[in-house]
Every structure is written in structure tokens, then in C-alpha cells.
Amino acid sequence: MNLPAVPAGLPAAWPVEQNLRSWLSHLNRQGRLGQVRSCVEPDQEVSTVLESLDGQRAVLFRDVAGSEFPLVGNTVRSRFDLAEAMGCLPDETATRYLAALARPRPCVPVSDQSAPVLANRFDDEELLSKLPLTVQHEHDAGRYLTSALIVARDPRTGATNLSINRMLAVGERHLHTLVLPGRLHRILAASERRGLDLDVAVVLGVDPLLGLASQAPATDRELDDLEVASALRTTPLPVVCCPTNGLPVPAEAEFVLAGRFRADVREPEGPFGEFPRTYGPSAPAPVIELTAGWHRDAAVCQTILSGGREHFLLGGIAREAALLRTLRWAHPEVVAVRLTEAGSCRLHAVVAVSPAGAGSSMNVLLSTLGATGAVKHAIVVDDDVDIHDDEQVGWAVATRVQADRDVLVVPRAAGSGLDPSSEGRTTAKLGIDATVAGDARSRHARMRTSPRRPEWIERFLAEATCS
């Protein structure tokens, strides 16, 4: 892949043409893209490199054994990367996402001839074996697609649903697909009740904004995920109709594969390493049968390291936005929400609140534990604590919590079935109220500095760091 040339003097901003290639070019300009030119094996060599550089660098593998296409992973290293893509500050990502959910924007249709993703068709019997699909972990069931978007249409509303599902490649044309409860599950179930196959498109090689849009809350049944992606962008998203089934797909994606879920067909899928960094079990799963495929000129395939920062954050931002919306509806004092990386952006929540009446922080704590099944540990802090700084959150727990007064345990609650410590989907939940009562605020005031010449501080800091 030749990364596009960038004119000198441009600021560190993502260009208007927002797709995977322009995102990689942006990362390359910022020194955040590493390139491996030696031949790598797809069986655990790729994932070992990605794991070693998780949170540090994106990696482009130019030569993956057995495939003509290069492969990229770790395209999102941190919340900072997503904030850049969304055009906001890191602590504004959930609010920016909520704005896109509230005001989705129509996409821009383009013709087949104008859509880069349809430039080349897979014309022979080989399809999945042409792609650089990887085995990520030692006990995984086989080679998986981990970054692909499944595009499906809700027959009741006509809205387009995007989802990222783990898909086990079997042969050249079959994908055994984990479909958890959510919108795709409802759409597939409705189709199977009528005895019908469900047409889908499988899209590979997209920018972070499309990944974020695919995680829109499953409760928003009328929402069109492509329009959410369009709203997150600087300009409307260009889409093209998939030639064999008419589904709208991102015109500037790297690959699109057309296929269908076969009604009532189930085949084994798993085990596979999941977000808690343990294995999800094997179980019968729906099957996608692929019928055709297309790709861009010099296409680049994409993978997401399961259990890595990209996996956590793409799902975490959308979950934060949904939790923030729910909490603010009942508790106006809620200022911000964070799902922490230590909890895989699923299991641990930190909520900041502004001062309110006695008992309000405990109510927020109860709402946080009950709003989403996956969250099993929650901490509520005052808004003088930066919830994106783990040390500050730990300080609040250390100096503002008494265990016999501020810790709440909820037994036998619904939780995540992928949590290895749970019993099925039943878990115990823990809440910590790390806020300060109004009559004790003076005792808990944080130390501050107040220099007489604050305008000189930046100069002093610059001199100190340059010496």
C-alpha cells in the first residue's frame, strides 16, 4: 500500500476524505504507524506483534504468508485517537457520540463506477483463503474475522444495522458467526420465523468512525447506523448498493463480501479469546454463506486484536454514551461517565457527579449498576476528580471511602456471560461511593498551588523541559 502524500505544513488533523487509508496516512504522519516488511505467519505471529504494541502503535503488515493483501491492526491505540477521529477532546467522546445518535445524518449515494470498493471482483472459487485472516490465540477454533462490519436491513423499519461479530472462517464461503442479543439478533430471528434467509454484506477495512457507529445502542430500534457514522464525520458518508443484494455499504471500504444468513442453520463456533482476556466457549452459531466479493485497488485488510485497546474502546465509547444518557435522564447531577480499560471498557464504571442532596450519589450508584448488565463494579466520585486519571480515582477511593459506610454489594444480579467469575449470567455487583458529604468538603479539599505570576508558568515549564 502506498500511503497518500500529505502537503507540508498541514496541522495534525484527519483530512476530509475519511476512510481507512486517510486514517493510516494520518497515523503515519504522527509517527504512530509501524510497518513490518518481513513475511509474517497469520497463526499467532500477527497477534503477538499487535499485543506487544497494543496502546502504542498501529502496525501495517506488508507481507502476510499465504495472502496477496497486506493487513493492519491496532488502528485505535487510545481514547486520544478516537477523539481525534471524532474531532473533540478525549473527555468529550461520549458527549460527541450522543450528539450523533440524537442527530443522525443521511448518507450520500454514489454509483457503482464511483465506488472504490467495487473496483475489483473475486472471480474464482477462492475467497476467504485469499484474505490474511489470523489465528489470534493458542486455543482459538481457527482463523477469524474480528473487525468486519455485518450490514443488515431491519425489515420493519428499513434502517441499516451495523455490527462487529466474531466470525470463524470455514472453507472458502462460510462464516460461523456469534450473534449476541441485540438488533442483529432480532432481525435474524424475525427473518427465521418467516423461514427466510437474511441477506447481509460483510465489510472489511473501515475507519474508526464506522467502527464506532456499529456499536450504537441496541435499544434504539429506529436508528440507522450508517447515518450515525455520517453524523460523526466531517462530510456525509458515501455509500453504494452492494451489487447482488442492494444493501448500502461504505463506498470507500477496502472489501465487501455479499452473502446471507441461512435460516435455522447452526454450526459450531469457538472457543475464541474475548474481551475479559479469557476464552469464550464453543457453541452452535448462525452461518453466513458468502456469494460474491469485491475489493479496492491495492486493498488493505484489517484486524482487531481481541482483548486489545481497539476492541475495548470501539465498544466502550458507545456504551459510555448510552450509560451517560440513561443516568442524566434520572440524575441531572451526573457530569461524566467512563468505562475503564482495566475493566475492558465493559465491567468497571466511574461516574462523576456535581454536589447534590444527601443520598443522591448512592442513587446514582444504584442506577449505574442497574443500567447495564455488564457493569459489575462502579465508583461514583465528585466532579473535582478527573475520571480519566486512574490515579485520581484511586486517590478518591483511598481518602474519601469508609468501607462500612460507602460500599454496596448487590448479590445475584444479571451480568455478562463472558465474565469468567460469573455463574452463567448471574454475578454479584459492587458499588463504591467515593463522594464527600457537603458538611465534610472543607476537610477533603484538594491541595492546590496558586502562583502570583501564573502567566509565567508556561515559560518556566518550557525552559525546564528543554534544558
Side-chain angles (χ1 to χ4, degrees), residues 1-2 20-21 36-47 60-73 112 115-136 140-152 164-178 197-206 240-247 249-262 265 267-270 272 285-304 306:
M1 171 189 172
N2 293 319
L20 178 63
R21 295 182 181 209
V36 176
R37 292 175 171 81
S38 301
C39 182
V40 299
E41 290 290 336
D43 187 346
Q44 299 179 77
E45 287 188 358
V46 166
S47 56
L60 177 65
F61 301 91
R62 291 190 173 274
D63 186 0
V64 180
S67 176
E68 64 186 90
F69 300 105
L71 177 69
V72 70
D112 291 7
V117 73
L118 300 181
N120 305 278
R121 180 166 181 156
F122 290 102
D123 286 325
D124 53 25
E125 290 302 312
E126 294 181 336
L127 202 166
L128 290 175
S129 65
K130 287 182 173 292
L131 303 178
L133 305 183
T134 66
V135 179
Q136 292 200 351
D140 286 354
R143 296 191 181 192
Y144 271 83
L145 282 77
T146 58
S147 69
L149 304 181
I150 296 180
V151 182
I164 300 178
N165 304 69
R166 72 188 204 206
M167 291 183 275
L168 172 65
V170 179
E172 292 293 344
R173 306 234 166 201
H174 292 90
L175 298 169
H176 299 184
T177 305
L178 178 67
D197 293 345
L198 176 67
D199 285 335
V200 295
V202 177
V203 177
L204 271 164
V206 299
V240 66
C241 288
C242 184
T244 60
N245 56 30
L247 288 169
V249 296
E252 296 178 352
E254 297 292 317
F255 297 84
V256 61
L257 311 176
R260 62 178 70 93
F261 275 109
R262 299 306 305 269
V265 174
E267 295 291 346
E269 182 278 321
F272 181 73
V287 175
I288 295 175
E289 180 182 76
L290 300 173
T291 57
W294 298 263
H295 63 87
R296 291 185 65 150
D297 291 334
V300 179
C301 200
Q302 185 179 18
T303 188
I304 290 177
S306 186

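Along the sequence shown, the residues carry numbers beginning at 1.
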- [ ] Check for a donor-acceptor pair, side chain of Glu254 on one end and backbone N or O of Cys301 on the other, with a separation under 3.5 Å.
- [x] no

Open item on the list: Using every non-hydrogen atom in the two residues, find where Ala258 and Asn245 come nearest and quote the distance to one decimal.
Closed with: CB-ND2, 4.1 Å

Task: Smallest separation among heavy atoms of Ala251 and Pro116, with atom names - done: O-CD, 3.1 Å

Task: Sidechain N-carboxylate O distance under 4.0 Å for Glu269, Arg166 - done: yes

Task: Asp112 side chain vs Val240 backbone, donor-acceptor pair below 3.5 Å - done: no

Task: Beyond-backbone contact of Thr177 with Phe261, side-chain heavy atoms, under 4.5 angstrom - done: yes

- [ ] Kindly compute the distance separating CD1 (Ile150) from CG (Leu145), expressed to the nearest 0.5 Å.
- [x] 9.0 Å

Task: Shortest non-hydrogen separation from Ala169 to Leu133 and the atoms involved - done: CB-CD1, 3.7 Å

Task: Min side-chain heavy-atom separation Arg296-Arg21 under 4.5 Å - done: yes

Open item on the list: I'd like to know whether CD of Glu68 has more than 12 heavy-atom contacts from other residues, nucleotides or ligands below 6.0 angstrom.
Closed with: yes

TODO: Check whether any side-chain heavy atom of Leu60 lies under 4.5 Å from a side-chain heavy atom of Pro70, and answer yes or no.
DONE: yes

Open item on the list: Nearest 0.5 Å, please: how far is CD in Glu289 from CG in Leu175?
Closed with: 10.5 Å

- [ ] Classify the ring geometry between Phe122 and Phe69 as parallel (under 30°), tilted (30 to 60°) or perpendicular (over 60°).
- [x] perpendicular

Task: Side chain proximity check, His295 to Asn120, heavy atoms < 4.5 angstrom - done: yes

Task: Asp124 side chain vs Glu126 backbone, donor-acceptor pair below 3.5 Å - done: yes

Task: Closest approach of Ala152 to Leu247 (non-hydrogen atoms, all atoms of both residues) - done: C-CD2, 4.5 Å

TODO: Heavy atoms only: give me the nearest Val135-Arg143 pair and the separation to one decimal.
DONE: CG2-CG, 3.8 Å

Open item on the list: I'd like to check Gln44 versus Asp140 (side-chain heavy atoms, cut-off strictly below 4.5 Å). Are they in contact?
Closed with: no

Task: Inter-residue atom distance Trp294.CH2 - Thr244.OG1, 0.5 Å rounding - done: 4.5 Å

Task: Heavy-atom side-chain proximity of Leu178 to Asn165 below 4.5 angstrom - done: no

- [ ] State, with a plain yes or no, whether a side-chain heavy atom of Ser147 is found less than 4.5 Å away from one of Leu204.
- [x] yes

Open item on the list: Checking Val36 now: which residues fulfil side-chain contact (heavy atoms from CB on, under 4.5 Å) with it, not counting sequence neighbours?
Closed with: Val40, Val59, Phe61

Task: Any side-chain heavy-atom pair of Val72 and Leu20 under 4.5 Å - done: yes

TODO: Any chance you could measure Leu71, atom CG, to Arg62, atom CZ, to the nearest 0.5 Å?
DONE: 12.5 Å

Task: Contact summary for Thr146 and Ile304, nearest pair of heavy atoms - done: OG1-O, 2.8 Å

Open item on the list: Quick check for you: to the nearest 0.5 Å, what is the distance between Leu128 atom CG and Ser67 atom OG?
Closed with: 11.5 Å

Open item on the list: So does Ser38 get a backbone contact from the side chain of Asp63, meaning a donor-acceptor N/O pair under 3.5 Å?
Closed with: no

Open item on the list: As an exercise, state the distance from CZ of Phe255 to CG of Leu131, rounded to the nearest 0.5 Å.
Closed with: 5.5 Å

Task: Polar side chain donor-acceptor pair, Glu172 to Ser129, under 3.5 angstrom - done: yes

